[in-house]
Amino acid sequence: MRASTAAMIRRLALVQHALFLLLVGVGAGRALTLREPLLPLLLSTLLLLVWYAVGAHCAARVPTGPGGREGSGGTPHTVDPPGTADLPDGAGIGRGGWWLLGLVACWLVAVAVSPHLVWVAFSLWLLAGHLLPLRVGVGVSVFVLAVVIARPWSGGISLAEVVGPAVGMVFALALSRGQQLLVRDGLERERLLASLVAAQEETEVLHAELAQAQRSAGVLEERTRLSRDIHDTLAQGFSSILLLARAATEDPAAGRRLLAQIETSAADGLEEARQVVGSLAPAPLESGLAEALRRIVARLQDETGVCGEVRVEGDVTSLPPVVEVALLRVAQSALANVRQHAEARSVVVTLAEAEDSVRLDIVDDGRGFDVAQVRSSEGEAGRDLTRGGYGLRASRQRLRELGGGLDVESEPGGGTAVGAYVPLAWRSA
């Protein structure tokens, strides 16, 4: 319970205490003025005050809990949980309710001694609205009203002596029930506020977890991109150097020419490494994708003797850099496979603008392979990619990120055709 609501309840309790003591004092003072028997008056008044004090003390020590009716903050009356005050008669009476019934009994004894103590009935009506369910509280209040009306009156009972206490009873019940509703509303607002604060804290935790997940996803995506770039540039360059070095050991007479080719491949690989580290576009694209393809095909022909040809169909000069880079990487990976595995005599690279996409086709007349077997090996869990076989999968993933795809057609002894395509929507992106 927040301090504001607790302070309000304490103030109401103090008002209740002061009113009870004032009414007892008024009734006892009138009895003393009329010289009624002193000892019975003192004993009955003391019993009434002691019973009230015991209830107030117990209520101050027992805090209100969910579903309870005990006092809080030093009050002899507490806030009923929502709905408890509407229970049927005789149900839902807590310890505070039974204490009030005992207080009514003490009051009856005091009224029997001195009728002037009926003034305390107003406090009893207030407490009945706080501590008893509605129907039970109304019943007890009507009983107290009957006692007030039926007490010995000098000169008989007048209409004012009936209407006055009845109006007081209705006013006291309405006042106490209104206080109950106000306090309940305050408690409900505090519970809602606490729920909102908890929800906000939970949202902040979820936001932090989401940010961490996004950072992790970004790191993973960047690692994937770097692995593809390294495979399509540095790894292929090293493979070319390795093949040239092996050829030099097999044919010492051609060693000088092969060393020159190795130097060129190493220089290109170094340039690619610098640009991968700097996240820059590859140097071959500075003059356009078609010219870059011609250079790598010419290099392949010069190093391996494979007859190469580049064909350009349509307008492919205004492609976005991300599309040019992706298609160049696919071409580098496919030509590396031609160099290492195909044993081809010729290769044709075609860059064309189709109806709704840009296509890059690499076709060789090499020994081919079983496409189904390669696809099944791509999906093997735990496959050691350091031994090769990463190129087709990396190319397919790269193109899929751009909305495109990769088609591979081959059969043993029938050559290989690799087709990459990217939607023309990227032209305006």
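Residue numbers count from 1 along this sequence. All values derive from a computational prediction rather than experimental measurement.
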Under 3.5 Å, which donor-acceptor pairs do the side chains of residues 37-48 form with other protein atoms, sequence neighbours left out?
from: Ser44; atom 1: OG; to: Pro40; atom 2: O; distance (Å): 2.9
from: Ser44; atom 1: OG; to: Leu41; atom 2: O; distance (Å): 3.0
from: Thr45; atom 1: OG1; to: Leu41; atom 2: O; distance (Å): 2.7

Report task. State, to 0.1 Å, how close Val144 and Trp107 come at their nearest heavy-atom pair, and which atoms those are. Result -> CG1-CH2, 3.6 Å

Query - Set of side chain to side chain contact (heavy atoms under 4.5 Å, CB included) partners for Val26, sequence neighbours left out - result: Leu22, Arg30, Trp119

Query raised in the report: What closest approach, in Å, do Ala420 and Val330 show between heavy atoms, and which atom pair accounts for it?
Result: CB-CG1, 3.9 Å

Requested in this report: Measure the spacing between CG of Leu335 and CZ of Arg299 and express it to the nearest 0.5 Å.
Outcome: 10.5 Å

**Report entry** Distance, nearest 0.5 Å, that separates CG of Leu360 from CG of Leu293
**Finding:** 6.0 Å

Scan the side chains in residues 193-204 for donor-acceptor partners under 3.5 Å anywhere in the protein, sequence neighbours excluded, and list what turns up.
from: Ser195; atom 1: OG; to: Arg191; atom 2: O; distance (Å): 2.9
from: Thr203; atom 1: OG1; to: Ala199; atom 2: O; distance (Å): 2.8

Requested in this report: Please tell me if the side chains of Val358 and Leu327 come closer than 4.5 Å, counting only heavy atoms from C-beta onward.
Outcome: yes

Report task. Could you check His116 against Val111 for side-chain contact (heavy atoms from CB on, under 4.5 Å), going step by step and ending with a plain yes or no? Result -> CA-CA 7 Å; His116 297 285; Val111 170; over 6 Å; no

Report summary line: So OH of Tyr421 and CG of Leu402: to nearest 0.5 Å the spacing works out to 12.0 Å

Query raised in the report: Could you state the interatomic distance from OG (Ser123) to CG (Leu19), rounded to the nearest 0.5 Å?
Result: 4.0 Å

**Report entry** Test item: Leu392 and Leu406 side chains (from C-beta on) under 4.5 Å apart, heavy atoms
**Finding:** yes

Report task. Kindly compute the distance separating CD (Glu353) from OG1 (Thr317), expressed to the nearest 0.5 Å. Result -> 9.0 Å

Query - For the student: nearest non-hydrogen atoms of Ala166 and Leu145, plus distance - result: N-CD1, 3.6 Å

Query raised in the report: If you look at every heavy atom in Gly415 and Ser410, which pair is closest and at what distance?
Result: O-OG, 2.9 Å

**Report entry** Ser141: partners by side chain to side chain contact (heavy atoms under 4.5 Å, CB included), with sequence neighbours left out
**Finding:** Trp125, Ala128, Met169, Leu173

Query - Lys/Arg N to Asp/Glu carboxylate O, Glu313 vs Arg311, below 4.0 Å - result: no

Query - OG on Ser333 to CZ on Arg393, rounded to 0.5 Å - result: 12.5 Å

Query raised in the report: Passes side-chain contact (heavy atoms from CB on, under 4.5 Å), Phe122 versus Leu127? Steps please.
Result: CA-CA 9 Å; Phe122 189 80; Leu127 291 173; over 6 Å; no

**Report entry** Side-chain heavy-atom pair Trp99, Val104 within 4.5 angstrom cut-off
**Finding:** no

Requested in this report: May I have the step-by-step check of side chain to side chain donor-acceptor pair (under 3.5 Å) for Gln332 and Arg329, ending in yes or no?
Outcome: CA-CA 5 Å; Gln332 288 175 324; Arg329 296 307 188 205; 3.1 Å; yes

Query raised in the report: Which residues pass the side chain to side chain contact (heavy atoms under 4.5 Å, CB included) test with Gln214, sequence neighbours left out?
Result: Leu210

**Report entry** Side-chain heavy-atom pair Phe143, Leu108 within 4.5 angstrom cut-off
**Finding:** yes

Report task. Would you check, one step at a time, whether the test side-chain contact (heavy atoms from CB on, under 4.5 Å) holds for Val371 with Thr416? Result -> CA-CA 10 Å; Val371 177; Thr416 302; over 6 Å; no

Report task. Using ring-ring contact (aromatic ring centres under 6.0 Å, His included) as the criterion, list what pairs up with Phe20, not counting sequence neighbours. Result -> Tyr52

Query raised in the report: Is there side-chain contact between Val348 and Val310, with heavy atoms separated by less than 4.5 Å?
Result: no

Query raised in the report: What closest approach, in Å, do Val363 and Ala417 show between heavy atoms, and which atom pair accounts for it?
Result: CG2-CB, 4.0 Å

Query raised in the report: Closest heavy-atom contact between Leu399 and Ala326?
Result: CD2-CB, 4.5 Å

Query raised in the report: Should Glu411 and Asp370 be marked as a side-chain contact (heavy atoms from CB on, under 4.5 Å) after you check the CA-CA gap, both sets of side-chain angles, and the distance that decides it?
Result: CA-CA 5 Å; Glu411 61 181 14; Asp370 187 349; over 6 Å; no

Query raised in the report: Given side chains that start at C-beta, do those of Val205 and Glu209 come closer than 4.5 Å, heavy atoms only?
Result: yes

Requested in this report: Please check if the side chain of Arg294 supplies one atom and the backbone of Glu309 the other of a donor-acceptor pair under 3.5 Å.
Outcome: no

Query raised in the report: With side chains defined as the heavy atoms from C-beta onward, is the minimum distance between Leu289 and Val325 less than 4.5 Å?
Result: no

Query raised in the report: Are Val316 and Val312 side-chain neighbours, meaning at least one heavy-atom pair lies under 4.5 Å?
Result: yes

